[in-house]
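Working notes, beginning with the structure itself.
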Amino acid sequence: MVFYILKRILATIPVMGVVALFVFLMLRLSPGDPAAVIAGDYATTEDILRIRENLGLNDPIVVQFTKWIGQLVQGDLGISIFTNLPVTTLIAQRLEPTIMLTLTTIIFTIVVAIPLGTLAAWKQGSLIDRAVMLFSVAGFSVPVFVLGYILIYIVSIQLRWLPVQGYKSMFTDGVIPFFRHIILPTVTLSVIFIALIARMTRASVMEVLQEDYVRTARAKGQSEFKVLMKHAVRNAAVPIVTVIGLGIALLIGGVVVTESVYNIPGLGRLVLDAVLKRDYPIIQGLILLFSFVYIVINLLIDLSYTLFDPRIKY
Amino acid sequence: MSTQSDKVDFTTSAEATLTSRKDASLASLMWKHPSVFWGGLLLVIMVLVAVFGPFLTADPVAIHPIDRLKVPSADFWFGTDYLGRNVYSRVIYGARVSLVVGLAVAVVAVVLGLVTGLLSGYIRWLDAIIMRVMDGLMAIPGILLAIALISLSGATLFTVIIAIVIPEIPRVVRLVRSVVLTVREEPYVEAAIAAGTRTHLILIRHILPNTIAPLIVQATYICGSAMLTESILGFLGAGIPPEIPSWGNIMSEGRTYFQLSPWIIFFPGIALALTVLAVNTVGDGLRDTLDPRIARKM
């Protein structure tokens with residue numbers, strides 16, 4: 001078991017290496033002088049020189065890479081070109097809203113999607129099943145930001161139930177303002193995720209319901225609720241949890257858009273502002289951070305399979 | 001004389017059977033998969049709109065300051081934007097960008113993914129390297145990757161397509177590779193190897209045909225998701241440059257005036273959602289008919 005965990009942790013290293021190499025090469029292999037591209041159209045020669053120095057573009061490429069990796073391993077993501085602050089500081093300032101939005105979204109998704117998917121599988125072919133399937137196809141077709149604007153228009157502008165935009169911290173502004181501001185972004189971001197998870201839950205619960213042990217459980221007179229909860233959902237957990245992990249990539253993309261629609265000062269806004277100013281160290285740092293989170297979450301999910309299914313042993 | 005009339009009879013009856021058979025298949029499609037029928041119909045309409053757009057509507061970039069931010073009416077079906085441009089014309093022209101991007105991304109991603117996947121699945125020593133690269137690529141959030149690539153290379157139709165293609169490739173590679181790994185154990189491939197067939201011929205003749213059905217299904221999903229990504233990039237201001245109206249950048253320009261004129265965002269949004277929905281339902285239908293093995297699971 002310990003050996004397996006170690007092996008899995010080691011296996012993530014080459015993947016992270018590929019991500020780092022890709023991010024590194026993206027800037028160096030882009031056409032033209034990257035320092036000039038980043039400096040923009042109105043830059044002076046000094047600006048370009050300063051940026052070239054900042055990014056370490058004067059060294060041979062192998063030296064650049066080793067230096068850069070050495071800093072990365074120590075948690076140094078470089079220095080922002082426009083604010084002259086370390087990228088890690090900028091990230092730390094913007095971390096809270098993004099983490100909160102992601103957490104509320106994951107919780108809301110699980111609370112809604114898994115019961116919906118289970119219900120659809122249980123009443124296969126019924127109106128509920130059709131509604132869930134329709135929702136999961138539609139959820140994949142509506143862009144996050146259009147949904148966001150529709151919600152703002154109906155709930156905030158027409159009904160005036162919730163604030164239009166912005167973010168309030170749970171810790172400094174209080175719990176109620178926090179929830180009033182986070183509800184719409186959470187619902188917006190959850191829709192595509194709910195579509196994905198409900199669909200997967202339906203498929204895997206449907207498969208489990210065909211199993212002999214489900215028939216046995218029913219034959220011995222167990223209530224349908226217990227059959228669904230104890231036998232069906234538990235055994236369907238592994239594929240569902242796997243999809244939640246893979247869906248993290250989708251979620252991260254959605255966070256960028258949702259923060260932009262609702263004017264939430266999180267990491268998504270940080271990366272967008274960085275793109276508009278071509279502040280490459282920030283873009284680079286955030287891509288690395290998000291990829292790292294994705295890899296770690298999927299590693300944890302892989303390792304958690306034994307919790308859900310004791311038949312899986314390492 | 002009589003022979004001639006016989007001939008005529010023969011051809012008309014043949015035509016009649018042909019058309020009736022066609023009707024039957026369309027009708028059965030409508031009956032068995034109504035969603036696929038309507039999705040396909042909607043898609044055909046969208047393609048026609050994109051192709052014949054210029055004949056249907058006014059100039060999408062003509063500026064009429066006097067008609068700024070007009071509500072939808074008989075003159076301006078979808079209203080006008082902050083420069084007095086006709087939103088209806090812009091939405092019609094936007095269909096072109098969306099469909100071109102969707103189609104181009106699907107084709108390029110499938111071709112690149114197919115070649116890489118075939119090599120990875122069949123050539124053992126390449127497999128480990130290619131799959132690590134694909135794992136790494138999959139870990140990078142697609143939208144961020146696309147935004148970064150575009151911000152470095154400048155936004156044109158071409159760079160937008162490439163930036164959306166790159167994050168889509170790993171999924172195709174994984175799909176093709178999994179097909180190759182199953183097929184290469186089949187007796188007819190072993191027979192071909194035993195008979196001394198060269199590797200590239202085995203790949204093309206025996207393995208490639210097996211990948212086509214799942215790839216067509218995958219291509220439709222990629223097409224749908226590429227159209228969504230394109231609109232998101234446009235919306236974030238990192239997509240197709242504003243001179244070319246695309247659904248994404250129309251909505252991006254409408255953001256500032258949203259409280260006053262929400263239709264600037266709603267109409268292109270509805271057009272986009274309907275088109276992607278159409279593509280996805282056609283994809284589901286293709287999956288059910290071409291690939292019953294997966295269809296059973298989903």
Side-chain angles (χ1 to χ4, degrees), chain A residues 14-23 26-27 30-32 34 37-38 134 137-138 140-147 149-150 152-153 157 164 199-200 202-204 207 246 248-254 256-257 260-261 271-272 274-276 278 280 283-284 286-287 290-292 294-295 298, chain B residues 35 39 128-129 132-154 166-167 221 224-225 227-229 231-232 235-238 247-248 251-252 254-255 258-259 262 265-266 268-270 272-281 283-284 296-298:
Chain A
V15 179
M16 289 188 195
V18 168
V19 173
L21 187 66
F22 196 87
V23 169
M26 202 157 67
L27 176 67
S30 62
V37 171
I38 288 170
L134 184 72
V137 178
F140 269 104
S141 310
V142 183
V144 184
F145 56 90
V146 173
L147 196 73
Y149 278 112
I150 292 174
I152 292 180
Y153 185 72
I157 297 179
V164 175
R199 195 173 185 159
M200 194 66 211
R202 176 182 175 273
S204 49
E207 210 168 292
L246 296 175
I248 295 290
L250 209 66
L251 192 63
I252 293 170
V256 177
V257 182
S260 168
V261 170
V271 77
L272 271 185
V275 165
L276 294 179
R278 305 188 183 210
Y280 197 74
I283 306 177
Q284 189 169 271
L286 281 169
I287 292 182
F290 282 134
S291 311
F292 180 75
Y294 174 84
I295 293 170
N298 279 288
Chain B
S35 56
I129 302 171
R132 287 303 78 70
V133 173
M134 291 303 139
D135 285 348
L137 213 50
M138 263 182 103
I140 305 176
I143 288 179
L144 277 191
L145 183 60
I147 293 176
L149 287 173
I150 291 170
S151 78
L152 282 173
S153 52
I166 291 176
Y221 291 139
S225 101
M227 292 197 292
L228 280 184
T229 312
S231 78
I232 289 175
F235 174 76
L236 296 176
W247 289 337
M251 291 189 269
S252 178
R255 292 175 73 177
F258 174 69
Q259 303 223 7
I265 287 187
F266 287 159
I270 292 167
L272 174 67
L274 283 178
T275 313
V276 177
L277 188 69
V279 173
N280 283 345
T281 42
D284 281 354
R296 216 161 12 94
K297 274 189 98 179
M298 285 304 268

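Just so it is clear, the model here is predicted, and its values are computed rather than measured. Residue numbers start from 1 in every chain, and the chains themselves are labelled A, B, ... in the order their sequence lines are given, proteins ahead of strands.
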inquiry  = Distance check, rounded to the nearest 0.5 Å: A/L134 atom CG versus B/L277 atom CG?
reply    = 7.5 Å

message = With a 4.5 angstrom heavy-atom cut-off, is it the side chain or the backbone of B/L228 that approaches chain A, or both, or neither?
response = side chain

message = Does any part of the side chain of A/V18, heavy atoms only, come nearer than 4.5 Å to the side chain of B/D135, both counted from C-beta?
response = no

request  = Calculate, to the nearest 0.5 Å, the distance between atoms CZ and CD1 belonging to A/F290 and B/I143 respectively.
outcome  = 11.5 Å

message = Counting heavy-atom pairs closer than 4.5 Å to chain A, which one of B/G248, B/A273, B/G237 comes out on top?
response = B/A273

request  = Output the distance between atom CZ (B/R132) and atom CG (A/L21), rounded to the nearest 0.5 Å.
outcome  = 15.0 Å

key: chain B contact via A/Y280 - which portion, at a heavy-atom distance below 4.5 Å   = side chain

key: Top contributor to chain B interface from A/L286, A/L147, A/I157 [non-hydrogen pairs under 4.5 Å]   = A/I157

query = So how far is it from A/L272 CG to B/I147 CD1, rounded to the nearest 0.5 Å?
reply = 5.5 Å

request  = Classify the ring geometry between A/Y149 and B/F235 as parallel (under 30°), tilted (30 to 60°) or perpendicular (over 60°).
outcome  = perpendicular

ask   = With chain B, which of A/S141, A/S291, A/A274 has the greatest number of heavy-atom pairs at distances under 4.5 Å?
value = A/S141

query = Between B/G269 and A/V146, which heavy-atom pair has the shortest distance, and what is it?
reply = CA-CG2, 3.7 Å

remark   = Rounding to 0.5 Å, atoms CD1 (B/I166) and CE (A/M26) come to a distance of 9.0 Å

task = State, to 0.1 Å, how close A/I295 and B/A139 come at their nearest heavy-atom pair, and which atoms those are.
result = CG1-CB, 3.7 Å

remark   = Comparing A/V23, A/L276, A/V275 against chain B, the one with the most heavy-atom pairs below 4.5 Å turns out to be A/V275

inquiry  = Counting heavy-atom pairs under 4.5 Å with chain B, which one of A/A138, A/P143, A/A249 comes out on top?
reply    = A/P143

inquiry  = Rounded to the nearest 0.5 Å, what separates atom CD1 in B/I265 from atom OH in A/Y153?
reply    = 12.0 Å

Per-residue contact mode, A/V271 against chain B (heavy atom under 4.5 angstrom) = side chain

inquiry  = So which residue, A/G253, A/S260, A/P14, ends up with the most heavy-atom pairs under 4.5 Å with chain B?
reply    = A/S260

query = So what's closer than 4.5 Å to chain B heavy atoms on A/I150: side chain, backbone, both or neither?
reply = both

remark   = One option among A/F292, A/F22, A/F145 has the most heavy-atom pairs under 4.5 Å with chain B, and it is A/F145

